[in-house]
Protein chains: 2
Amino acid sequence: MSQPKSAEPRPYHHGDLRRALVDAARRLLEAEGPSALSLRAVAREAGVSPAAPYHHFKDKAELLDAVAHEGWEILGAQMTEAKNTATGMQQLTALGIAYVCFARDNPALYRVMYDAARDKEALPDEMEGKSESAYCMVRDTMVEHGADPAAEAHLELATIAAWCGAHGLAEMAGFKQFEHLKDELGGERQFLEAVLNHMGLFQAKHSAC
Amino acid sequence: MSQPKSAEPRPYHHGDLRRALVDAARRLLEAEGPSALSLRAVAREAGVSPAAPYHHFKDKAELLDAVAHEGWEILGAQMTEAKNTATGMQQLTALGIAYVCFARDNPALYRVMYDAARDKEALPDEMEGKSESAYCMVRDTMVEHGADPAAEAHLELATIAAWCGAHGLAEMAGFKQFEHLKDELGGERQFLEAVLNHMGLFQAKHSAC
DNA sequence: GTTCACATCTAAGCGCTGTACAGATGTCTT
DNA sequence: AAGACATCTGTACAGCGCTTAGATGTGAAC
């Protein structure tokens, strides 16, 4: 019953309002889009007063950070799964596809994730180092399939290039201008694969230069 | 003195409030960043009442569209200039560098441009067709340097891939995680070129399939 | 040159937002 | 039983996008 108070702040009145707020935010995000995601609306959705969130988040940006954090975790999980269902060289392609599909299936969440990143001018800290992060997974997979881990700068550039390509495609894929191409190629999935292939960034390369 | 009234709406009281508002918005954007760009602030900056802009723009989004439009024009001009100062195969690289440098030098404007695009789920209409648009310039330059204009889908995929890569890099280049790489490579410019080279999208390729 | 139609701009106001603060309420410790 | 304290509410403020009604300047018609 008595836990050390240094542990996570125990739920009091509400149970776990912090969790409830993040969940409410994600519900709103999916139902109404990013523009409807006001702090007050989140509080309403969670059934508390407009001031209640301030006991769990410094400001609105910190709440959105928490939402974005969950987004990165889900993305990492989906990419892990995609990697495991592919073999050999195709693992890299699978990672790229999984990334872009995540953005397509969760456009509002993806937007919150990068809005937070742009404001901080940085990807979330956990992206560095933690091997289950989406970013490191791309790098590690490149090493597994031929990239030379000793050529550090080269490896990192390749990872960044791939990441940039995937992010660019993720943002552009929904644009109306490309609809006719999707039709010509036989569907969205084919379109995404075709562009990724064109980048050549998601196929294993042996280190050069 | 008497012009056909079908021409552009003549300036009345203010002179040309529409122009003044767009200019004020760009001034605010540069000075205070995107978050300070409220309709009321723009009106204040232009010295008119908060309701005045509504006689020239349907809503705030339409004002931002006008700002974004100017952004695309400036980007197109800078890319044209970059292309003309390079020769042969290096024109494509020059285009990529010019694109990313524009985003680096005008981060707030670049953000407004793509915020508008994301909301509309489309790049601005002028990007299609008009040969001086940034997008078509990339495509045309690819054709000039070896791409087969007959292989339409292939050419368009190559253009999209390049565009996605450049946009991704433009958004990521400012992130703190990459600062150490910039130092290692001898500066930001070297970093940008290295990533673009890694993409391989901005070097002329002969059509293949 | 006066009048009239109309484009332009202002003043005031609505409902919303993010955030601050004071005080009420529930929970744990003693 | 009492005190300490995290938690939540009520209220308030300035700023936001946007609407409406009315004032004001302008070019055209007579």
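Letters go in sequence order (proteins before strands), and every chain restarts at 1.
We find that CZ of F57(A) is positioned 15 Å from C1' of dC8(D), with the value rounded to whole Å. Counting to the nearest Å, the P atom of dT17(C) and the CG atom of L39(B) are 18 Å from each other. Between the C1' atom of dT19(D) and the NZ atom of K60(B) lies a distance of 17 Å, rounded to the nearest Å. Rounded to an integer number of Å, the gap from CG of D119(B) to C1' of dG17(D) is 15 Å. Following rounding to the nearest Å, L28(B) (CG) and dC16(D) (P) show an atom-to-atom distance of 10 Å. With rounding to whole Å, L17(A) atom CG is found 12 Å from dA6(D) atom C1'. When rounded to the nearest whole Å, the span between CG of L37(B) and C1' of dC16(D) equals 13 Å.
Between R26(B) and D23(B), no side-chain nitrogen of the basic residue sits less than 4.0 Å from a carboxylate oxygen of the acidic one, so the salt-bridge criterion is not met.
Between dC18(D), dT10(C), dT9(D), one nucleotide has an atom nearer to the side chain of D59(B) than all others, and that is dC18(D).
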Side chains of residues 42-58 of chain A: which donor-acceptor pairs under 3.5 Å do they make with residues two or more places apart or in other chains?
| from | atom 1 | to | atom 2 | distance (Å) |
| --- | --- | --- | --- | --- |
| E45(A) | OE2 | R27(A) | NH1 | 2.5 |
| S49(A) | OG | A51(A) | N | 3.4 |
| S49(A) | OG | A52(A) | N | 3.4 |

Quick one: side chains of residues 29-36 of chain A, donor-acceptor pairs under 3.5 Å with protein atoms, not counting sequence neighbours, listed by atom name and distance.
none

Between R111(B) and D119(A), is the salt bridge (charged side-chain N to carboxylate O under 4.0 Å, His left out) condition met? List the steps. CA-CA 11 Å; R111(B) 195 151 163 178; D119(A) 281 339; 2.9 Å; yes

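The base of dT19(C) lies close enough to the side chain of R40(A) for a donor and an acceptor atom to sit less than 3.5 Å apart.
Listed pair S49(B) / dA11(C) fails the phosphate criterion, with no side-chain N or O lying under 4.0 Å from OP1 or OP2.
Looking only at side-chain heavy atoms (C-beta outward), Y110(A) and L75(A) stay at 4.5 Å or farther from each other.
For the pair Q91(A) (side chain) and T141(A) (backbone), a donor-acceptor distance under 3.5 Å is absent. The closest donor-acceptor contact from the side chain of D59(B) to the backbone of E62(B) lies under 3.5 Å.
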Strictly under 3.5 Å: I want the nitrogen or oxygen pairs between protein and nucleotides 20-23 of chain C, one per line.
none

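Within the 4.0 angstrom heavy-atom criterion, only backbone atoms of the sugar-phosphate kind lie near R44(B); the bases stay farther away.
In terms of position on DNA chain C, the residue among H56(B) and A61(A) whose nearest nucleotide sits closer to the 5' end is H56(B).
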